[in-house]
Amino acid sequence: MSQQPMMRLPPSAALRALEAAARHLSYTRAAEELHITQSAVSHQIRHVEALWGVKLFVRRGRRLALTEEAMTVVPIVREFIDRLGAALSELRVEEDRQSLRVSMVQSFAFKWLVPRLERFKRAHPEIDVWLSTTDDLVEFQSAGVDVAIRLGHGNWPGVYSTLLLREYVFPVCSRHFLERYAWPQQPEQLLRYPLLYRHSADICPRWRDWFRDAGVSVERLPKGSHFPDTSMAVQAAIDGLGIALARSAHVEDDLARGRLIKLFDVHSPSSVAYYFVCPKGAERQPRIAAFHRWITAEAADAQRAFDRTAAAAAPQA
């Protein structure tokens, strides 16, 4: 089977000249659109005709007209130019976009950051935020992370770190749970209720600390279910499995929507806080600086709200 010779393609400038001349039916108007001379347009058209071995334009009086061959190829040329232009525009847009990779603990991402992230997108549509979650300290370079929100004391060596948010810790449960149990009147009565715990925890809220701040001496904590992270313990409380010790940043929306009820007016300050962390010097990069300014302002608003409600009394049965 014989192979047909491959048709040579003219330069893109010649194709643009052909498309413009066919649209205007005028070399002069095509030249004005393309910001070249009329003779340059005529030269480009002759080059295409010679390359393809066809006649593309004929004169009818003072106007140009397309030949049958031109009426066949011009729509194809026009589609090619349009699709190529759209692809190049999309590439330019992608080049202009920036990505920001942010790492943090899952519970903070899910309960605090994600509900606010749309506001950052509105302020900075050119920055795409990529979230990853882990309870471990990330190595920025090896993990491909630009920024981290860490929970701790802010004393990590070799990084830029600023305080974002201090929280309060208090017990929460669902109204459904309280319908099955008598409403506790005193903090010490919680020792007779099923409490929910996190597995580990050096930096997790501890029931012993909250009872201490509530003035309750505890010899032995009651048994209860244990969970690998705070968000899972909070969800168990929403589902009526017991009483969770929650951080204020993790339950503000659940409290506002009535999914959880705060018990007592004892707000124990968390022993750790959230910090904005990035490699030293990276804080001056525009995309990181923009995210830093935004999340610092959001955290300041949240901090004021936490502080205002820290001493609020719990609802009575």
Side-chain angles (χ1 to χ4, degrees), residues 1-102 117-132 140-141 144-147 278-279 281-294:
M1 182 176 176
S2 61
Q3 237 183 1
Q4 292 186 347
M6 183 176 293
M7 178 69 72
R8 291 179 59 194
L9 290 177
S12 60
L15 292 177
R16 290 186 64 83
L18 169 59
E19 192 280 330
R23 185 161 26 88
H24 293 296
L25 294 177
S26 167
Y27 287 178
T28 301
R29 292 176 64 185
E32 291 172 353
E33 177 183 311
L34 299 174
H35 304 290
I36 58 177
T37 64
Q38 180 181 346
S39 63
V41 172
S42 179
H43 173 76
Q44 298 281 20
I45 299 298
R46 287 198 303 272
H47 177 63
V48 175
E49 290 177 330
L51 192 64
W52 288 348
V54 296
K55 186 72 174 173
L56 296 172
F57 293 94
V58 294
R59 284 209 170 270
R60 291 181 180 163
R62 302 181 63 182
R63 293 183 60 81
L64 287 177
L66 298 178
T67 66
E68 289 187 9
E69 292 84 354
M71 286 188 282
T72 299
V73 300
V74 165
I76 299 172
V77 170
R78 182 170 294 131
E79 182 183 6
F80 169 75
I81 291 173
D82 289 344
R83 292 180 66 178
L84 180 60
L88 292 175
S89 295
E90 189 173 332
L91 288 176
R92 283 193 292 271
V93 167
E94 289 302 318
E95 274 188 6
D96 291 340
R97 298 194 68 79
Q98 306 169 62
S99 62
L100 183 70
R101 289 169 168 78
V102 184
L117 203 53
E118 178 60 26
R119 293 200 282 269
F120 179 76
K121 292 298 297 177
R122 287 200 300 267
H124 297 280
E126 77 284 2
I127 301 177
D128 292 327
V129 177
W130 294 35
L131 295 184
S132 62
F140 289 100
Q141 189 170 0
V145 169
D146 301 305
V147 168
C278 67
E283 72 276 7
R284 294 188 289 272
Q285 296 178 16
R287 63 199 170 94
I288 293 179
F291 186 75
H292 187 199
R293 287 192 300 271
W294 172 80

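Reckoned from all heavy atoms, side chains included, excluding hydrogens, waters and symmetry mates.
Side-chain contact check for I36 versus V41: some heavy-atom pair is nearer than 4.5 Å. Between I288 and L100, some side-chain heavy-atom pair lies under the 4.5 Å cut-off. With a 4.5 Å cut-off on side-chain heavy atoms, V102 and F291 count as touching. Taking the side chain as every heavy atom from C-beta outward, L51 and E49 never approach each other to under 4.5 Å. Side-chain contact between S39 and Y27: absent, with no pair of heavy atoms (C-beta onward) separated by less than 4.5 Å.
Smallest separation of non-hydrogen atoms from L66 and A22: CD2-CB, 3.8 Å. The heavy-atom pair separating F57 from A21 by the smallest distance is CZ-CB, 3.8 Å. Across V147 and F140, no two heavy atoms sit closer than the pair C-CE2, 3.9 Å.
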Report task. Using the side chain to side chain contact (heavy atoms under 4.5 Å, CB included) rule, take R287 and D146 through it: C-alpha gap first, then chi angles, then the decisive distance, then the call. Result -> CA-CA 10 Å; R287 63 199 170 94; D146 301 305; 3.1 Å; yes
Query - Test log, rule side chain to side chain contact (heavy atoms under 4.5 Å, CB included), inputs V73 and E69 - result: CA-CA 6 Å; V73 300; E69 292 84 354; 5.8 Å; no
Query raised in the report: Please walk me through it: do V54 and V48 pass side chain to side chain contact (heavy atoms under 4.5 Å, CB included)?
Result: CA-CA 8 Å; V54 296; V48 175; over 6 Å; no
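Every residue two or more places apart in sequence or in another chain was checked for a side-chain hydrogen bond (donor to acceptor under 3.5 Å, both in side chains) with H47, and none qualifies.
Distance check, rounded to the nearest 0.5 Å: CG of L18 to CD1 of I81 gives 7.5 Å. Separating the CZ atom in R101 from the OG atom in S99 is a distance of 4.0 Å, to the nearest 0.5 Å. Here L64 contributes atom CG and L56 contributes atom CG; the two are 11.0 Å apart, rounded to the nearest 0.5 Å.
With hydrogens and angles left out, the side-chain atoms of H24 and E33 include a donor and acceptor closer than 3.5 Å. With no hydrogens or angles considered, no side-chain donor-acceptor pair links S12 and R16 at under 3.5 Å.
A donor-acceptor contact shorter than 3.5 Å is absent between the side chain of E19 and the backbone of R78. The backbone N or O of I127 sits less than 3.5 Å from a side-chain atom of K121, completing a donor-acceptor pair. Judged purely by atom type and a 3.5 angstrom limit, T67 uses its side chain to pair as donor or acceptor with the backbone of K55. Between the R59 side chain and the A65 main chain, no donor and acceptor come within less than 3.5 Å of each other.
Crowding of E118 atom CD: a count of heavy atoms from other residues, nucleotides or ligands under 6.0 Å exceeding 12.
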